[in-house]
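All remarks here apply to the structure that follows.
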Amino acid sequence: QSNVEPEMSAETLTLANPQSVPVGRGMGWIGDGFSLFKMAPGIWIANVVIFFVIIMVLSLIPVVSLIMNLIMPVFMAGFMLACRDLEQGEEMTVGHLFAGFKQRTGALIGVGALYFGLLIIVMVVMFGIMFSMGGAEAFMAEDPMAAQQAMMGPGFMIGMLVGLALMIPVVMAYWFAPALVALHEDVGVVEAMKLSFMGCIKNIIPFLIYGIVMMVLAIVATIPVMLGWLVLGPTMLGSMYAAYREIFTE
């Protein structure tokens, strides 16, 4: 019997409305991500190491470090494109790391800009609550003991809790946005973040399980001088692509 099913290509990644998936897929995405890593472990590790070196170097430059949020989706898009090509049987190369700088770069930077703007709003609200309730002493006090006491006060704690509560939907709106922009030419910045948020909301329980398992794996990966991140980093990136494919494509 011959396989008459057409080979998957970038054009056949048809965008669908965000779909709900079974609860167990939170674990399944991690397994799928590891499977993508096993397809090209050497180049995955090389790309992740190069990526971390670039981020570390940029973070040392005062002005440039401020715009890291703008270019982060561009790098994320490169990894998503690499996952798509691996899925289609193509080779992964170092060039994939910079693929986001060759297509839809403006939209990807737009995702980073919107995300950065939302982060600023969250920070303003959080510190506004702290200042209004006296929690700002945790940052302004010269005496370490006074700062520690202020951190235990209601102003600081309420401000932190509100900031955390506001960060969750922001991260949900950002999580899939680079993949949606990079892999679908007709998806704009705002639409990508809306779809990402909807996809996360519809699968909140699988994501909760995914987050707990990833947290445990992160602790384990950090223990041996962070060497475990050479595997966990690519696996996490692959799991993001696996979740995107299952939630957003037909």
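Here the structure is a predicted model, which means the values were calculated and not measured.
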*For the residue pair W175 and M76, establish whether any side-chain heavy-atom pair is separated by less than 4.5 Å.*
no

_Less than 4.5 Å apart, side chain to side chain, heavy atoms only: is that true for E191 and K194?_
no

_With sequence neighbours excluded, residues passing ring-ring contact (aromatic ring centres under 6.0 Å, His included) with F101_ = F75

_Going by the rule ring-ring contact (aromatic ring centres under 6.0 Å, His included), which residues pair with F248 if we only count those two or more places apart in sequence or in a different chain?_
F176

*If we only count heavy atoms from C-beta on, is the I30 to L217 side-chain gap below 4.5 Å?*
yes

*List the atom of M167, the atom of V122, and the distance in Å for their closest heavy-atom pair.*
CG-CG1, 3.9 Å

*Taking the side chain from T105 and the backbone from G100, do they hold a donor-acceptor pair closer than 3.5 Å?*
yes

*How close do A107 and V189 get, heavy atom to heavy atom, and via which atoms?*
O-CG2, 3.3 Å

*Indicate if Y210 and V216 have the same hydrophobic cluster label, given that clusters are the connected sets of ILVMFWY residues with side-chain heavy-atom separations under 4.5 angstrom.*
no

*Flag the pair L183 / T249 as yes when at least one side-chain heavy-atom distance between them is below 4.5 Å, and no otherwise.*
no

*Is there a path from V220 to V231 through hydrophobic residues (I, L, V, M, F, W, Y) whose side chains come within less than 4.5 Å of each other?*
no

*Partner residues of W229 under the side chain to side chain donor-acceptor pair (under 3.5 Å) criterion, sequence neighbours left out*: T222

*Could you list the residues that satisfy salt bridge (charged side-chain N to carboxylate O under 4.0 Å, His left out) with D32, not counting sequence neighbours?*
R25

*Would you say the side chain of I45 lies within less than 4.5 Å of the side chain of F37, judging by non-hydrogen atoms?*
yes

*Of the non-hydrogen atoms in L36 and G238, which two are nearest, and what is the gap between them?*
CD1-O, 3.7 Å

_To check you understand the geometry: which heavy-atom pair defines the closest contact between K202 and P18, and what is its length?_
NZ-O, 3.0 Å

_Starting from M240, can I reach M215 by hopping between I/L/V/M/F/W/Y residues whose side chains sit under 4.5 Å apart?_
no

*asked:* Could you check whether atom CE of M27 has more than 12 heavy atoms from other residues, nucleotides or ligands sitting under 6.0 Å from it?
replied: no

*List, by chain and number, the other hydrophobic cluster members for F116, where Ile, Leu, Val, Met, Phe, Trp and Tyr join if side-chain heavy atoms come within less than 4.5 Å, directly or indirectly.*
I120, V124

*Work out which heavy atom in N203 is nearest to a heavy atom in G199; give both atom names and the distance.*
ND2-O, 2.9 Å

*With hydrophobic residues grouped by side-chain heavy-atom distances under 4.5 Å, do I204 and V171 end up in a single group?*
yes

*Can you tell if the side chain of H96 reaches within under 4.5 Å of the side chain of T93, non-hydrogen atoms only?*
yes

*Is it true that a side-chain atom of R245 and a backbone atom of R84 form a donor plus acceptor pair closer than 3.5 Å?*
no

*Check the hydrophobic clustering (I, L, V, M, F, W, Y; side-chain heavy atoms under 4.5 Å; chains of links allowed) and say if M226 and I54 are grouped together.*
yes

_From L114 atom CG to L119 atom CG, the distance as rounded to the nearest 0.5 Å_ = 10.0 Å

_Quick check: do M193 and L180 have side-chain heavy atoms less than 4.5 Å from each other?_
no

_M92: which of L81, L97, D85, L86 passes side chain to side chain contact (heavy atoms under 4.5 Å, CB included)_ = L86

*Does the ring centre of W29 sit less than 6.0 Å away from the ring centre of Y244?*
no

*Can you tell me how far the OH atom of Y115 sits from the CE atom of M72, to the nearest 0.5 Å?*
9.5 Å

*Using links of under 4.5 Å between side-chain heavy atoms of ILVMFWY residues, direct or through other members, which residues join I212 in one cluster?*
L208

*Kindly give the heavy-atom pair with the smallest separation between A177 and A192, and that separation in Å.*
O-CB, 4.0 Å

*CD (Q19) with more than 12 external heavy atoms under 6.0 Å*: yes

*For M172, does its backbone N or O pair with a side-chain atom of S196 as donor and acceptor, under 3.5 Å?*
yes

*Do M160 and M130 have side chains that get closer than 4.5 Å, going by heavy atoms?*
yes

